[in-house]
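Notes follow once the structure below has been shown.
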Number of protein chains: 2
Amino acid sequence: MTKEVEYKTYTISELSKAFDVTPRALRLYEESGILSPKREGSKRVYFERDKVRLRLLLRGKRLGYSLAEIKELFDIYESNSGEEGQLLLLLETMEVKRKQLETKKIDVEIALQEIEKVTNTARKTLKEISATKN
Amino acid sequence: MTKEVEYKTYTISELSKAFDVTPRALRLYEESGILSPKREGSKRVYFERDKVRLRLLLRGKRLGYSLAEIKELFDIYESNSGEEGQLLLLLETMEVKRKQLETKKIDVEIALQEIEKVTNTARKTLKEISATKN
DNA sequence: TAAAAGATTGACGCTTACGTAAACGTAATA
DNA sequence: TATTACGTTTACGTAAGCGTCAATCTTTTA
């Protein structure tokens with residue numbers, strides 16, 4: 001008794017709409033070795049795995065990582081043989097990334113504080129203006 | 001009695017070392033209209049104001065903003081006449097940026113969580129390995 | 001005073017991350 | 001069956017953000 005599992009698949013345009021990226025970008029991500037859709041003839045067929053990776057990829061981009069860096073991360077993560085050396089490499093890499101992200105987090109928070117300051121000052125001035133008007 | 005105020009100034013190489021950017025970059029930032037050092041003959045002289053702006057610029061970059069966007073922000077902030085329309089524009093702009101930053105904050109936090117998961121899994125596996133060894 | 005250290009202005013080069021168009025194939029639809 | 005929609009590869013174009021000379025000038029410093 002074979003267990004039939006339905007895998008949802010996506011065409012390039014479906015995936016591109018779903019994530020608001022162009023097909024061109026998806027092809028580039030493939031060329032960069034990050035996505036690897038199956039083929040049906042010459043047409044790309046994307047599976048859940050690709051969707052997951054694309055989601056991570058885009059988050060990575062928003063965080064400022066280059067495609068090369070993102071691929072590197074995927075590679076390290078996947079090449080993980082469960083072997084000790086590999087695991088240690090993984091841990092080191094993650095530690096580096098973690099520190100970068102903590103720094104970024106601080107950058108974001110400082111920026112938010114600055115925005116708040118500017119905003120408060122502007123609001124005060126506005127209030128004074130409307131008070132003067134009356 | 002004239003009040004003499006000492007302003008600390010910087011040469012391009014001093015500032016470049018202080019912020020770990022190349023002189024070339026500083027010249028580009030000037031060309032982009034973000035920095036505007038005074039001149040002593042043909043030589044650039046940077047004041048505190050430039051230092052402050054550079055610090056903000058670099059944070060902006062780390063947050064993923066382009067030089068053009070950064071300049072735009074400075075422009076809006078400075079063109080602020082205290083006039084009502086300008087203040088409202090400033091508030092709107094800041095609100096947009098604030099939302100972007102909140103999104104980025106979430107991205108960072110999700111990424112940190114993912115790193116934690118991967119890290120924990122790797123650590124567990126490592127423990128199992130060292131247990132087997134004995 | 002000669003040489004080294006820093007500065008300046010071009011100007012061309014390079015990488016990343018796509019955009020865009022061309023030329024072509026296949027499949028669904030009017 | 002003709003057209004429209006969607007897909008493919010190939011390839012050139014582009015914008016941003018510098019890197020890297022080259023040629024020249026000025027100022028220290030040995």
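Letters A, B, ... mirror the listed sequences (proteins, then strands); counts begin at 1. Here the structure is a predicted model, which means the values were calculated and not measured.
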Practice task
Tell me whether the OP1 or OP2 atom of dC18(D) has a side-chain N or O from Tyr29(B) closer than 4.0 Å.
Solution key: yes
Problem - Distance, rounded to the nearest Å, where Asp20(B) contributes CG and dG19(D) contributes P - result: 11 Å
Exercise for the section: Would you tell me if any nitrogen or oxygen in the side chain of Thr11(A) comes within less than 4.0 Å of OP1 or OP2 on dG7(D)? Expected result: yes
Problem - Interatomic distance where CG belongs to Leu54(A) and P belongs to dC18(C) [whole Å] - result: 11 Å
Exercise for the section: Look at Lys61(B) and dC18(D) and indicate whether a side-chain polar atom (N or O) is within less than 4.0 Å of OP1 or OP2. Expected result: yes
Handout entry: Short side-chain N/O contact to dT20(D) OP1/OP2 from Arg27(B), under 4.0 Å
Key = no
Practice task
Figure out the NZ/C1' separation between Lys17(B) and dG6(C), and round it to whole Å.
Solution key: 9 Å
Exercise for the section: Side chain of Leu67(B) only, please: which of dA17(C), dG17(D), dT8(C) is the nearest? Expected result: dG17(D)
Practice task
Flag the pair Glu40(A) and Lys43(A) as a salt bridge only when some basic side-chain nitrogen lies within less than 4.0 angstrom of an acidic carboxylate oxygen.
Solution key: no
Practice task
Answer yes or no: side-chain N or O of Arg24(B) and base N or O of dT20(D) forming a donor-acceptor pair under 3.5 Å.
Solution key: yes
Problem - side-chain hydrogen bond (donor to acceptor under 3.5 Å, both in side chains): pairs with one or both residues in residues 110-124 of chain B, sequence neighbours excluded - result: Arg59(A)-Glu114(B)
Practice task
Find the distance Tyr10(A):OH to dG7(D):P and express it as a whole number of Å.
Solution key: 15 Å
Problem - Between dA5(D) (P) and Ile12(A) (CD1): distance, integer Å - result: 19 Å
Practice task
Report the distance from atom CD of Glu40(B) to atom P of dT28(D), rounded to the nearest whole Å.
Solution key: 10 Å
Problem - Leu28(B), nearest nucleotide to its side chain (from dT8(C), dC18(D), dT8(D)) - result: dC18(D)
Exercise for the section: Determine whether the side chains of Tyr65(A) and Gln100(A) contain a donor N or O and an acceptor N or O closer than 3.5 Å. Expected result: yes
Handout entry: Spacing of Ile34(A) atom CD1 relative to dT16(C) atom P, expressed in whole Å
Key = 12 Å
Practice task
Ignoring backbone atoms, test whether Ser13(A) places a side-chain nitrogen or oxygen under 4.0 Å from the OP1 or OP2 oxygen of dG7(D).
Solution key: yes
Practice task
Name the closest nucleotide to the Arg44(A) side chain, picking from dT8(D), dC18(D), dT8(C).
Solution key: dT8(D)
Problem - Residue met sooner reading DNA chain C from 5', once Lys43(A) and Ala25(A) are mapped to nucleotides - result: Ala25(A)
Exercise for the section: Determine, for Glu31(B) against Arg27(B), whether the closest basic-nitrogen to carboxylate-oxygen distance falls under 4.0 angstrom. Expected result: no
Handout entry: Salt bridge flag under 4.0 Å for residues Glu30(B) and Arg39(B)
Key = yes
Practice task
May I have the distance from Glu30(A) (atom CD) to dG7(D) (atom P), rounded to whole angstrom?
Solution key: 14 Å
Handout entry: Any Thr22(A) side-chain N or O less than 4.0 Å from OP1/OP2 of dG19(C)
Key = yes
